[in-house]
Amino acid sequence: MDISVVIPLYNEEESIPELYAWIERVMKANGYSYEVIFVNDGSTDRSWEIIEQLKANSKAVKGIKFRRNYGKSPALFCGFEQAEGEVVITMDADLQDSPDEIPKLYDMITKEGYDLVSGWKQKRYDPLSKTIPTKLFNATARRVSGIKNLHDFNCGLKAYRKAVVKNIEVYGEMHRYIPYLAKNAGFKKIGEKVVQHQARKFGKTKFGGMNRFFNGYLDLITLWFLSTFGIKPMHFFGLLGSLMFILGFISVIIVGVTKLYSMYNGLPYRLVTDSPYFYLSLTAMIIGTQLFLAGFIGELISRNSPERNNYQIEKII
Ligand code: UDP
Ligand code: MG
């Protein structure tokens with residue numbers, strides 16, 4: 001099979017028939033063998049009935065129904081597990097992404113050797129409240145992930161070599177960082193293609209509000225931490241803890257020396273607790289020890305984690 005199209009959806013009843021007809025048109029015109037996997041993420045409208053109807057009329061349709069709304073990441077992950085095509089294309093269900101992009105994306109994977117190609121909605125038809133935070137967010141993601149050539153990490157339209165989707169785990173709200181996940185799994189050739197973008201035709205966005213923004217950044221920090229220190233937490237906590245402890249140690253020496261100096265020189269007797277260095281050393285040494293212990297506990301957890309030795313073997317000859 002050439003292509004699997006994975007479409008996560010949550011309450012998109014108006015868009016599905018039009019979207020499917022359009023995909024079918026593109027696939028037939030290019031002679032691809034394909035499947036379209038709809039992952040119904042707990043929709044409360046008629047989305048699922050519509051998918052069942054499509055399924056009845058076409059063998060290329062697969063439908064997965066979640067018992068409730070879990071979010072876009074689990075929906076994508078589940079679609080990835082089911083996908084059989086050599087190239088996997090993800091697409092939003094709301095008709096904002098154009099199926100006409102499929103052939104070019106397919107060629108970039110199969111002919112130009114990309115592992116992952118992300119769409120770039122260079123010209124976006126979304127409200128400003130969405131586009132401005134997105135710019136900030138992408139700039140941060142570029143820096144943190146080191147994938148410098150991507151402008152639009154969160155674009156729903158992406159194409160993957162099959163091996164990529166089978167070797168990454170998209171959980172929580174990590175769908176925003178799939179290129180970063182792919183890079184961490186060892187897939188290096190990550191590219192971008194400018195894609196057409198439409199305004200949402202039906203319904204409204206499922207990712208509104210400030211939460212989206214903060215959660216997005218917290219997830220990025222988590223990913224950075226996991227990919228940098230995930231299997232060696234002591235390198236993070238140990239360093240911080242040692243620095244703190246050294247700071248405390250230096251200031252304890254200052255306290256002691258000042259005390260002795262004033263005693264032997266007959267200066268007026270002062271309590272050590274009068275010195276700011278006393279408090280500094282106390283806090284720094286306690287926090288330093290705590291950080292060190294956190295590092296040890298982190299190591300104990302990571303030793304027992306199923307992912308501690310999750311090296312992926314690309315090929316054995
Ligand atoms: N979606 C989903 N589960 C959710 C939220 C969204 O499967 O909990 C789907 C949604 O139906 C759409 C895609 O994810 O197909 C992108 O969502 P949306 O268009 O609301 O995001 P935006 O384009 O506004 O960023
Ligand atoms: Mg949308």
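Start at 1 and go down the list; that is how both ligands and their atoms are numbered.
In terms of protein heavy atoms, atom 21 (O) of ligand 1 is closest to F207 CD1, 3.4 Å. When hydrogens are left out, the protein atom nearest atom 19 (O) of ligand 1 is D94 OD2, 2.5 Å; that is the closest non-hydrogen contact. For atom 9 (C) of ligand 1, the closest non-hydrogen atom on the protein side is P8 O, 3.7 Å. Nearest non-hydrogen protein atom to atom 22 (P) of ligand 1 is K130 NZ, 3.3 Å. Closest to atom 14 (O) of ligand 1 among all protein heavy atoms lies K72 CD, 3.4 Å. What sits closest to atom 20 (O) of ligand 1 on the protein, heavy atoms only, is K206 N, 2.6 Å. Counting only heavy atoms of the protein, atom 23 (O) of ligand 1 lies nearest to Q96 OE1, 3.0 Å.
With a heavy-atom cut-off of 4.0 Å, N154 does not touch ligand 1 at all. Contacts between D41 and ligand 1, counted as non-hydrogen atom pairs separated by less than 4.0 Å, involve the side chain only. Contact annotation: for E12 versus ligand 1, heavy atoms closer than 4.0 Å belong to the side chain alone.
Residue E14 places its CD atom among more than 12 non-hydrogen atoms of other residues, nucleotides or ligands, all under 6.0 Å distant. No more than 12 heavy-atom neighbours from other residues, nucleotides or ligands sit within 6.0 angstrom of CZ on F249. No more than 12 heavy atoms of other residues, nucleotides or ligands sit less than 6.0 Å from atom NZ of K135. No more than 12 heavy atoms of other residues, nucleotides or ligands lie within 6.0 Å of OH in Y277, so this atom counts as exposed by the packing criterion.
In this structure, I301 shares a hydrophobic cluster with I297, the cluster being traced through Ile, Leu, Val, Met, Phe, Trp and Tyr side chains under 4.5 angstrom apart.
Assignment of G71 to the shell around ligand 1 is supported, since a heavy atom sits closer than 4.0 Å. At a 4.0 Å cut-off, not a single heavy atom of M91 sits close enough to ligand 1 to count as contact.
Under a cutoff of 6.0 Å and an axis angle of 45°, R68 and Y70 form a cation-pi pair.
Between the side chains of E192 and S118, no donor-acceptor pair of N or O atoms lies under 3.5 Å. Using modelled atom types and a 3.5 Å distance limit, the side chains of E18 and W22 yield no donor-acceptor pair. Q122 and H151 share no donor-acceptor pair across their side chains, judged by distance under 3.5 Å alone.
Counting only protein N, O or S atoms, the number found under 2.8 Å from the Mg ion (ligand 2) is 2.
With a 4.5 Å cut-off on side-chain heavy atoms, K158 and H175 do not count as touching.
Using a 4.0 Å cut-off to heavy atoms of L9, the atoms of ligand 1 that qualify are 7 (O), 11 (O). Of all atoms in ligand 1, numbered sequentially from 1 with element shown, those under 4.0 Å from a heavy atom of R200 are 18 (P), 19 (O), 20 (O).
Looking at ligand 1, you'll find an N or O of N69 within less than 3.5 Å of one of its N or O atoms. Polar contact check, Y10 against ligand 1: a nitrogen or oxygen pair lies under 3.5 Å apart. Considering both main-chain and side-chain atoms, A75 never comes within under 3.5 Å of ligand 1 through any nitrogen or oxygen pair.
For F187 and Y160, the distance between ring centers is not under 6.0 angstrom. The ring of Y32 has its center closer than 6.0 angstrom to the ring center of Y106.
Taking CG of N11 as the reference point, atom NZ of K204 lies at 10.0 Å (rounded to 0.5 Å).
For the pair P17 and E13, the tightest heavy-atom approach, listed with the atom from each and the gap, is CD-O, 3.5 Å.
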